[in-house]
Number of protein chains: 2
Amino acid sequence: MNINPTRLQQHFEAMSLIGKIGEIGTCRPAHTALEKQGFELAASWMNEAGMKTHIDNFGNLIGRLEGTNASLPVLMMGSHLDSQPYGGRFDGVAGVLCAIEAVMTLKENNITPTRSIEIISFADEEGWRFNKGLFGSKGILGKLEVADLERTDKDGITRAQALKDFGCDITKFKESEYKPGSIFCFLELHIEQGPVLDIANKPIGVVSGISGPLWLTVKLKGMAGHAGSVPMAIRKDALVGAAEIIVALNEIATLIPGAPTVGTVGTLNVFPASRNIIPEEVTFTVDLRDIDLERRHRYEKQLMERIESITKKHQLTYSISEDTNSEPRYCADWIKTIIHDECKALGLDAPELMSGPFHDALTLSYACDYGMIFIRSKDGISHNPLEYSSYEDLALGTNVLLGTVLQILKK
Amino acid sequence: MNINPTRLQQHFEAMSLIGKIGEIGTCRPAHTALEKQGFELAASWMNEAGMKTHIDNFGNLIGRLEGTNASLPVLMMGSHLDSQPYGGRFDGVAGVLCAIEAVMTLKENNITPTRSIEIISFADEEGWRFNKGLFGSKGILGKLEVADLERTDKDGITRAQALKDFGCDITKFKESEYKPGSIFCFLELHIEQGPVLDIANKPIGVVSGISGPLWLTVKLKGMAGHAGSVPMAIRKDALVGAAEIIVALNEIATLIPGAPTVGTVGTLNVFPASRNIIPEEVTFTVDLRDIDLERRHRYEKQLMERIESITKKHQLTYSISEDTNSEPRYCADWIKTIIHDECKALGLDAPELMSGPFHDALTLSYACDYGMIFIRSKDGISHNPLEYSSYEDLALGTNVLLGTVLQILKK
């Protein structure tokens, strides 16, 4: 039994037109009309595959193929259709479209499973719009905090408002939650977003786990003053402090050459932002990840010490909020074994690797066993319009996913 | 002959209500309805002082007290009523209101000068809205470039559009220009915006000159990528590069402890600005000033070398645009002598000092002799709501200005 690579490619190409930027880029923000358009297109394919579809109160698109025994916990697959503001065509999209292709293939082969299958396109996996991700997957597991709804985007729109505008009823979250034990397992196919498979020249990888990030927001406060007259010695320049902290984070994350530690400052805002005023306030985000949680904790401590000494030197005050603090979460051995077996059956030598980026599977890992299939990313580029995975590799990965689904349905 | 300190204070207090932020701050951006409101209030006082007023095609407010010999070059005074986005109540305002108070005092004493007197509130001295300042003073001297009209503010509004919205006819700039030789001299009273007078415990200073700034815009380009998966060793992180350059500028500007060199990065923008994307593009401004032009040139060269090596290290490309490059401009000795004499007559020991910040007088210095009176700034704070000069000091300074005007009118 094989998937249809031509149809799969057509689906990718059709989806890439929604929120297209430049020649090959995508900007499809969460909870927007563009994401809704993406949902409608994906839902039409889910319907073709025999699934019933709806959008829940968290803004997730859910397709369900009813099994002959509807009381069994579901086999869930999925990923997300929202994109980075300056993103590519494959991140998230692959996990939704390849899952749909697998279910379409089941239908073409007249297979009606005993266990129901669901495919979810989770709302706001990316997290840039409201500065916190994995919204939809946390939602269905009852893991949201009230503050998550109060977060605002750069236009001052709250998450609550964005959900209402999207057509969600935020007073009825409970109706969209999944009961404990109702999910049998979760499968997510995703592009690697890193260079490991490309360097090893392997199209497919078996994920061993996800090293979740530590996300901080750091706010420094100094004192504004005229850039032409306040002597250097008495300045309290919040941007000079921030710059030294960024340099320090970069030093810490590169202490051990070749280690998988990564540290990034992705956003930084200056107030009052006038070219002849000394910056009074600077706010920036920190993203720190490591497969080795002990080491990440050690580095976090070192960063805190540097922030303390740098702000003291420049007479700045500071505050730090912890937005996300995820531990590494490992894939279920039995699912990894099935994925390995399916790769072998297709003649693939698939290496096992950790995921630096997080995925919706990270949230699901707290509710059920999970497995992930990685597709090679050209030059390891992602979160960038240049992100690229070949349709051959994606078709291979979808066949591995289909085989894995068939094996799991036997359980 | 003395000015009226109570009236002067009332004028400051009334003006501070227009664009008031917080308890004591001001945000009165150039070419806006708020600046127009400020102009209307100032014009009403100019009229009381016997002046005719109009707003020219550069958005300058001009008040003219006609002399008995209208063919003589004018004695010009002024400053600006636009403020920083997060500014105070005195920067610029002092130069307009104290000049009006001086002319009101002439009128009360029935003095009609032979030479006409003009007071100008120059448009967009501050320069933050369109990232380039001294617009109105450059305008009246025919020193604008076409590109100055194409600059956009953060909302994408061009300078040309803002001027049109303000009621200016940008096709008739020529009508608002001053012919060479038509300005006899220029006087500007201003708060110091630095700590020199406050530390010396002197209310009034005599300005010796203005050390103009070098203004650069630096753009770094790297490569976006996923913050969780791109190994540190192969990153091209534009923000890490920018941070190292900011640290380098700070080092260069503090090479000689106690030197009057100042170096500032006041604005910085990150693209695409998502917490889990490696920054692809960072744009920031550089403000470098020194009374010693040779040293400033040397430091500029050092900064360029550091930008070259830092961007090379991080595999970034860069471009630098020079937005302003002013030389130090010295006050006329004969005007300084008059100001010193007037200070002595009032029993004041007024030190002479350079101005780090630029002022409209910098532009006027290319058209006529100029003099400046500085008022003590508490703790040297400016470009900040906490900016403060006492009404006693301002009244003293206005009496010095009045005396200076009376002496100049004898010439």
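Sequence lines set the chain letters: A, B, ... in the order given, protein chains first and strands last, and positions in each chain run from 1. Only a predicted model underlies this, so the values are computations on that prediction, with no experimental measurement involved.
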Q: Tell me, for A/Leu249 versus chain B, whether the close heavy atoms (under 4.5 Å) come from the side chain, the backbone, both or neither.
A: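 Looking at A/Leu249, nothing touches chain B.
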
Q: Under 4.5 Å from any heavy atom of chain A, what part of B/Thr261 do you find: side chain, backbone, both or neither?
A: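 For B/Thr261, backbone heavy atoms alone lie under 4.5 Å from chain A.
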
Q: In terms of heavy-atom contacts, does CD of A/Glu327 have more than 12 from other residues, nucleotides or ligands at under 6.0 Å?
A: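 Incorrect, the count does not exceed 12.
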
Q: Show the numbers, then the answer: is there a side chain to side chain contact (heavy atoms under 4.5 Å, CB included) between B/Tyr299 and B/Leu255?
A: CA-CA 10 Å; B/Tyr299 286 167; B/Leu255 273 176; 3.7 Å; yes

Q: Could you label the plane-to-plane angle of the A/Phe271 and B/Tyr86 rings as parallel, tilted or perpendicular, counting under 30° as parallel and over 60° as perpendicular?
A: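 Rings of A/Phe271 and B/Tyr86: perpendicular, as their planes differ by over 60°.
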
Q: Give the member of A/Thr285, A/Val282, A/Ile277, A/Asn250 that has the highest number of heavy-atom pairs under 4.5 Å with chain B.
A: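 It is A/Ile277.
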
Q: Who are the side-chain contact (heavy atoms from CB on, under 4.5 Å) partners of B/Pro231, not counting sequence neighbours?
A: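 B/Pro231 satisfies side-chain contact (heavy atoms from CB on, under 4.5 Å) with A/Pro195, B/Ile234 only.
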
Q: Is it the backbone or the side chain of A/Ile381 that comes under 4.5 Å from a heavy atom of chain B, or both, or neither?
A: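 Just its side chain gets close to chain B.
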
Q: Given the options B/His383, B/Arg275, B/His226, B/Gln84, which has more heavy-atom pairs under 4.5 Å with chain A than any of the others?
A: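 Highest number of pairs under 4.5 Å: B/Arg275.
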
Q: Please determine if A/Arg151 and A/Asp124 form a salt bridge, counting it only when a charged side-chain N lies under 4.0 Å from a carboxylate O.
A: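 A salt bridge is absent here (no side-chain N lies under 4.0 Å from a carboxylate O).
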
Q: Checking B/Arg89 against B/Ile24 for the side chain to side chain contact (heavy atoms under 4.5 Å, CB included) test, could you report, in this order, the C-alpha distance in whole Å, the side-chain angles of both residues, the deciding distance, and whether it holds?
A: CA-CA 7 Å; B/Arg89 295 158 291 167; B/Ile24 50 172; 3.9 Å; yes

Q: What residues, two or more places apart in sequence or in another chain, satisfy side-chain contact (heavy atoms from CB on, under 4.5 Å) together with B/Ser355?
A: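 Counting only residues at least two positions away or on another chain, B/Ser355 forms a side-chain contact (heavy atoms from CB on, under 4.5 Å) with B/Val207, B/Ile210, B/Pro357, B/His359, B/Phe374.
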
Q: Taking the side chain as C-beta and beyond, is there a heavy-atom pair between A/Leu134 and A/Glu125 under 4.5 Å?
A: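 Yes, side chains in contact.
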
Q: Picking from A/Ser382, A/Gly87, A/Ser377, A/Pro385, which has the most non-hydrogen pairs under 4.5 angstrom with chain B?
A: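 Going by pairs under 4.5 Å, I would pick A/Ser382.
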
Q: Heavy atoms only, distances under 4.5 angstrom: which of A/Leu288, A/Val270, A/Val196 has the most pairs with chain B? Name it, please.
A: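 It is A/Val270.
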
Q: Non-hydrogen atoms of chain A under 4.5 Å away: do they reach the side chain of B/Val286, the backbone, both or neither?
A: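 Contact with chain A involves the backbone of B/Val286 alone.
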
Q: Does the side chain of A/Asp91 come under 3.5 Å of the side chain of A/His190 through a donor N or O and an acceptor N or O?
A: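 The answer is yes; a qualifying pair exists.
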
Q: With a 4.5 angstrom heavy-atom cut-off, is it the side chain or the backbone of B/Leu239 that approaches chain A, or both, or neither?
A: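 For B/Leu239, backbone and side chain are both near chain A.
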
Q: With chain B, which of A/Ala259, A/Ala227, A/Pro272, A/Gly88 has the greatest number of heavy-atom pairs at distances under 4.5 Å?
A: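 Heavy-atom pair counts peak at A/Ala227.
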
Q: Quick one: what part of A/Glu280 sits under 4.5 Å from any heavy atom of chain B, side chain, backbone, both or neither?
A: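 For A/Glu280, the side chain is the part near chain B, not the backbone.
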
Q: Go through the atoms of B/Arg129 and report whether side chain, backbone, both or neither lie under 4.5 Å from a heavy atom of chain A.
A: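 Interface part for B/Arg129: neither.
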
Q: For chain A, which candidate among B/Ser274, B/Gly356, B/Pro279, B/Ala243 shows the most heavy-atom pairs at distances under 4.5 Å?
A: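 Option with the greatest count: B/Ser274.
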
Q: Check whether B/Ala253 gets within reach of chain A through its side chain, its backbone, both or neither, counting any heavy atom under 4.5 Å.
A: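 The answer is both parts of B/Ala253.
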
Q: Find out whether A/Asp379 and A/Asp198 are in side-chain contact, i.e. whether some heavy atom of one side chain is under 4.5 Å from a heavy atom of the other.
A: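 They are in contact (side-chain heavy atoms under 4.5 Å apart), so the answer is yes.
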
Q: For B/Pro85, is it the side chain, the backbone, both, or neither that has a heavy atom closer than 4.5 Å to a heavy atom of chain A?
A: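 B/Pro85 touches chain A through side-chain heavy atoms alone.
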
Q: Which residue is it: B/Leu316, B/Ile245, B/Val240, B/Leu220? I am looking for the one with a side-chain contact (heavy atoms from CB on, under 4.5 Å) to B/Ile310.
A: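 Passing option: B/Ile245.
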
Q: With chain B as the partner, which of A/Asp323, A/Asp287, A/Asn276 has the greatest number of non-hydrogen pairs under 4.5 Å?
A: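 If we count pairs closer than 4.5 Å to chain B, A/Asn276 comes out on top.
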
Q: Counting only non-hydrogen atoms closer than 4.5 Å, does A/Arg289 touch chain B with its backbone (N, CA, C, O), its side chain (CB onward), both, or neither?
A: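 Interface part for A/Arg289: side chain.
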
Q: What part of B/Ile291 gets within 4.5 angstrom of chain A, counting heavy atoms only: side chain, backbone, both, or neither?
A: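 For B/Ile291, no heavy atom lies under 4.5 Å from chain A.
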
Q: What part of B/Leu386 gets within 4.5 angstrom of chain A, counting heavy atoms only: side chain, backbone, both, or neither?
A: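 Only the side chain of B/Leu386 comes within 4.5 Å of chain A.
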
Q: Taking every non-hydrogen pair under 4.5 Å, which of B/Thr217, B/Asn269, B/Val265 racks up the most with chain A?
A: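 Counting heavy-atom pairs under 4.5 Å, the top option is B/Val265.
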
Q: Are side-chain N/O atoms of A/Ser79 and A/Glu188 paired as donor and acceptor at under 3.5 Å?
A: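 Judged by distance alone, the side chains do pair up.
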
